[in-house]
Amino acid sequence: MSINDQIRDRLEGRPATRREALKWGAAAGSVLLLGACGSGTSGSSTATAGSAVTGRRGGTLRVGLAAGGENDTLNPFYQAGAADGARYFQLFDQFLTYDADNNIAPATAEEFIPNKRGDEWTVRMREGVEFHNGKTVSAEDVIATIRYGIKDGRGPVFIVGTQIIDLPASKILDKRTVRFKLRRPFSVLDELFAAPNNIPLVSVDFDARKAIGTGPFKLKSFVPGRQSVFTRWEGYYGGAPFIDELVMSDLTDNTARVNALLGGQVDMIASVPFANVPELEGNPSVHVAKAPSGLIYPFGMNTKTAPFDDVRVRRAMRLLADRPQLVASALSGHGRVGNDLYAIDDKQNYDASLPQRVQDVEQAKSLLRAAGRLDDTFVLNAGPLGAGAQEAAQIFAQQASAAGVKVKAQNADIATWASNFPTWPFKNTYWPGFRFPALLALSDGPSAPYSDTYFGDTDAKFRAVCEELYRTTDRARRTELAHQAQALQYEDGAYVVWGFVDMLDAISTKVTGYVTDPTGYSFGRYDFRKVSVT
Amino acid sequence: MRTRRSSPLPTGLAPLAAPAAGALPLARRRRRHVPWIWRRIGIALLTLVFVSIALFLATQTLPGNAAKQILGPRQTPATVQALEHQLGLDRPVVTQYLDWAGGMVTGDLGRSLVNQESVASFLGPRAEYTFVLGGVSIVLSIILAVIVGVAAAARRDRAFDHSFGIFSLLFTAVPEFVVGIGLVIAFATTLLHVLPAVSLVPLGASPFSQLDVFVLPVATLVLANVPYLGRLVRGSMIEALSSEYVRVARFKGLSERRILYRHALPNALVPLIQGIATSIAYLAGGIVVVEFVFGFPGLGTALVQAVGNRDLPVIQAVGLLLAVVCVTANLLADIAVVYVTPRLRTNRRRA
């Protein structure tokens, strides 16, 4: 956020960022800051302080989502679309979460601690957390969550439950505590449990259609592709939200979404189209919230297939990218330049000391010549993953062609992209702003379940560093290893991370209390807990 | 059977009962149309079968399938296969089609592949909205087209006629979504804020409780159809007005109004009836666009989403429904033309 935006927010009495919200909460001197909370949980301390963030109780908040369709689902274990994520954050909590500084913080679990070897994790749940049906969270629910994830057969919980956690060998220690036994040491299990929209907490009697969780809102009604309505959950452990009712409408068409806000039919919209930003910024009844995030639309190169099994070709592709131009054109300037590394906002692990890569056409061509690929045509398949994703591919292709390298950008629709992206040699992909260890485990680390580059499987040095990282519970040593891994990703890796996307959301001036964060989900992971409507 | 010989109508343009036909016995006359109707209905049914096969094949050629769409971006081949099997997508194409067709014949439209809801209950409320939208639009278009067309013909080459000409050209040339967006800007977001820009309809609400949501979409469709129909009416009215019998009627001293409405207009109806059938077919396409622009909860948006999701049962159901509407409209138009044109009814041997 620009300094002007922060000043304006302060003058208008809004917490400008999650950091602000927490400062206010701390200032109110909440007693619950001790114990479970690290540098301040996203909501538990401030919310229970109650008067910390001033808000008007009551009213209905209407939000326009930028995604959604007939395949919308309330299933928290596997979601197909971004709109599902928006609903997930209302209905369900995770065990852990990210705080304002993008560090891991407790959510419904107050402790999540490994043993020295990293093959046993003790999870103690917070006291008095209640599901929407009034049932209190217990250790059985923790086990049930993993079991349901395995049964669902898809998604991160399935991976965690079958490949990492050895559920039969895990034990309930007491009413609120579970000890997970892992199949092998995995020191970053907490990272997977903290990454947004990954592992929800559900109860023993979970039913996907009823969608009962511990989240700040309860489900009132849901029509796939149209609308979902939620009501305040009075028993929310972090303090009940201010608004009575939340209505989220799927408004995938850009024009319809912007019109709905301008016409007063919704109070907030996610993902403002770039073309409408100047118009909305000039409109006095609307505020555009712009926040840098870790969301990326990188180009991925499949290291298992030619020609990208040759590291020289991969280096060449990275050198062909004119990153500032990609950000300026594909994102209309709403973004930060990337350095072929993800997790830029993970201050604990990101190596900011690596020099910013710039376009070097001569070096790129000489690498391709050495690899014998200078006259090849490279096809870059691009799916409509978000605003700017396909455009970036087109622009990159133009940049390469201008340099004398034949790159052809080929657009694909989302269904085609989804079925082919793991095997396509050269394609675009997307990752939210998770912390480094979570992205490593999910994207290009060894045996990553959602890999599109297989870098962790094909590069022995990288694999060794990652595997050591997964065994290291000492945080300082882990950061060192993270830096080593990034050095290898920087030199030999298979992603062209050309830029980080800024979140652009628009809010009516009648609404206060919204937040933003760098996770790549609008409204700070659709956090409406402190929102009021005047 | 009363013939129109009593009024001063010619044999030229106007479809009249010719004396020779009037001489045939009633029973023989009636028997002659029956085979024709059954033949037309048979052709209509065959058309629907072809439409369904075409939709099926077209969807098969699209890359991806419903299973891949449901699973979304981070899918693995194993889960895709499992879901494909569950949805029956791994069966041979012909089996899938015959299975679905068998269900159709017994009235079972199947289940949406994507959200497992019964297609009938899923599309029911949407069909209600679309039919109200389409029905109101076509009725309003017809009424306005007749009024404006007759007025333009009566004031031919004068100011009203010229402005109507320009208006028709403008709205024929401009695509419907542009008209729709223009109306949104004028009435919902920028100039005035009196109507909703997006059709955010609460679940289960009846169309008649949400009338404000219909105003702009109906206006868009009417503005798209009135030029075509209006010019049709105008053209055939001009022809009718310049015919002999109208001149005779004028000599007889009948008032202009009486001539217009009782003599000229009925004869201008035939092209209008056929024009309405064409408009309905055109409306089916226009409705999809307009629904999309306004986020209208109808069959159009359901179809667009179903295609994106490769949700075959829904695509088939909506596609066939629209085809039935078009085919029925054409069939009714043909029947109506025959009944309005007694000569066609009875003079088939000569025709």
Side-chain angles (χ1 to χ4, degrees), chain A residues 62 64 68-73 78-82 84 152-156 158-159 220-229 247 249-253 255-266 279 383 385 412-423 429-430 442 449-450 452, chain B residues 62-80 82-83 112-117 122 125-126 177 180-181 184-185 187-190 192-204 213 292-297 301-302 304-311 314:
Chain A
R62 299 160 304 166
E70 297 306 327
N71 54 347
D72 280 353
T73 173
Y78 194 94
Q79 292 133 49
D84 297 331
D152 183 84
R154 317 169 277 187
F158 174 71
I159 307 287
K220 184 168 165 199
S221 66
F222 169 62
V223 177
R226 293 263 306 281
Q227 213 177 61
S228 36
V229 182
V247 178
S249 304
D250 288 359
L251 290 170
T252 43
D253 180 54
T255 318
R257 194 163 68 254
V258 172
N259 283 340
L261 181 69
L262 291 176
Q265 291 176 273
V266 294
E279 164 200 352
L385 308 175
D413 72 308
I414 195 66
T416 314
W417 182 88
S419 36
N420 289 312
F421 86 92
T423 49
T429 181
Y430 76 96
L442 294 170
Y450 305 117
D452 28 40
Chain B
L62 288 172
N65 62 27
K68 293 175 182 167
Q69 266 303 105
I70 293 169
L71 290 175
R74 304 272 175 226
Q75 54 189 241
T76 61
T79 50
V80 171
L83 191 56
S112 156
L113 290 178
V114 159
N115 58 33
Q116 297 307 310
E117 231 185 293
F122 169 64
R126 296 176 129 85
F177 70 88
I181 290 173
V184 165
I185 291 176
F187 294 101
T189 59
T190 313
L192 299 169
H193 288 257
V194 292
L195 289 167
V198 178
S199 314
L200 286 181
V201 168
L203 319 162
V213 144
F292 193 69
V293 168
F294 290 96
F296 191 81
T301 40
V304 169
Q305 292 196 356
V307 171
N309 286 328
R310 317 287 192 261
D311 193 349
V314 176

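Since the model is a prediction, treat every value here as computed from it, not as a measurement. Below, read A as the first sequence line, B as the second, and so on, with proteins coming before strands; counting in each chain starts at 1.
- Taking CG of A/Asp253 as the start and CZ of B/Phe294 as the end, the distance is 11.0 Å to the nearest 0.5 Å.
- Residues passing the side chain to side chain donor-acceptor pair (under 3.5 Å) test with A/Asp413, sequence neighbours excluded: A/Thr416, B/Arg310.
- Your options are B/Ala188, B/Pro297, B/Gly295, and the one with the most heavy-atom pairs under 4.5 Å with chain A is B/Pro297.
- Contact count against chain B (heavy-atom pairs under 4.5 Å) is highest for A/Tyr450 among A/Phe421, A/Trp417, A/Tyr450.
- How far CD of B/Gln305 is from OG1 of A/Thr252: 6.0 Å, rounded to the nearest 0.5 Å.
- Taking CZ of A/Arg226 as the reference point, atom CZ of B/Arg126 lies at 5.5 Å (rounded to 0.5 Å).
- Of the possible polar contacts, none joining the A/Gln265 side chain to the B/Pro196 backbone as a donor-acceptor pair under 3.5 Å is found.
- Nearest heavy atom pair, residue B/Val198 against residue A/Ala260, reads CG2-CB, 3.7 Å.
- Only the side chain of A/Tyr78 comes within less than 4.5 Å of a heavy atom of chain B; its backbone N, CA, C and O stay farther away.
- In terms of modelled atom types and a separation under 3.5 Å, the side chain of A/Gln227 and the main chain of B/Leu200 share no donor-acceptor contact.
- Only the backbone of B/Val293 comes within less than 4.5 Å of a heavy atom of chain A; no side-chain atom from C-beta onward does.
- Residue contact with chain B, scored on non-hydrogen atoms closer than 4.5 Å, involves the side chain of A/Thr429 exclusively.
- At a 4.5 Å heavy-atom cutoff, the contact between B/Phe122 and chain A is made by side-chain atoms alone.
- Under the rule for a side chain to side chain donor-acceptor pair (under 3.5 Å), A/Asn259 has no partner lying at least two apart in sequence or in another chain.
- With a 4.5 angstrom heavy-atom cutoff, A/Asp452 touches chain B only via side-chain atoms.
- The distance from atom OG1 of A/Thr255 to atom CZ of B/Phe292, rounded to the nearest 0.5 Å, is 8.0 Å.
- Taken from CG in A/Leu262 to CD1 in B/Ile185, the straight-line distance is 10.0 Å, to the nearest 0.5 Å.
- Here the straight-line distance linking atom OG1 of B/Thr79 with atom CG of A/Asp152 works out to 10.0 Å at 0.5 Å rounding.
- At a 4.5 Å heavy-atom cutoff, the contact between A/Leu251 and chain B is made by side-chain atoms alone.
- Heavy-atom distances place both the backbone and the side chain of A/Tyr430 under 4.5 Å from chain B.
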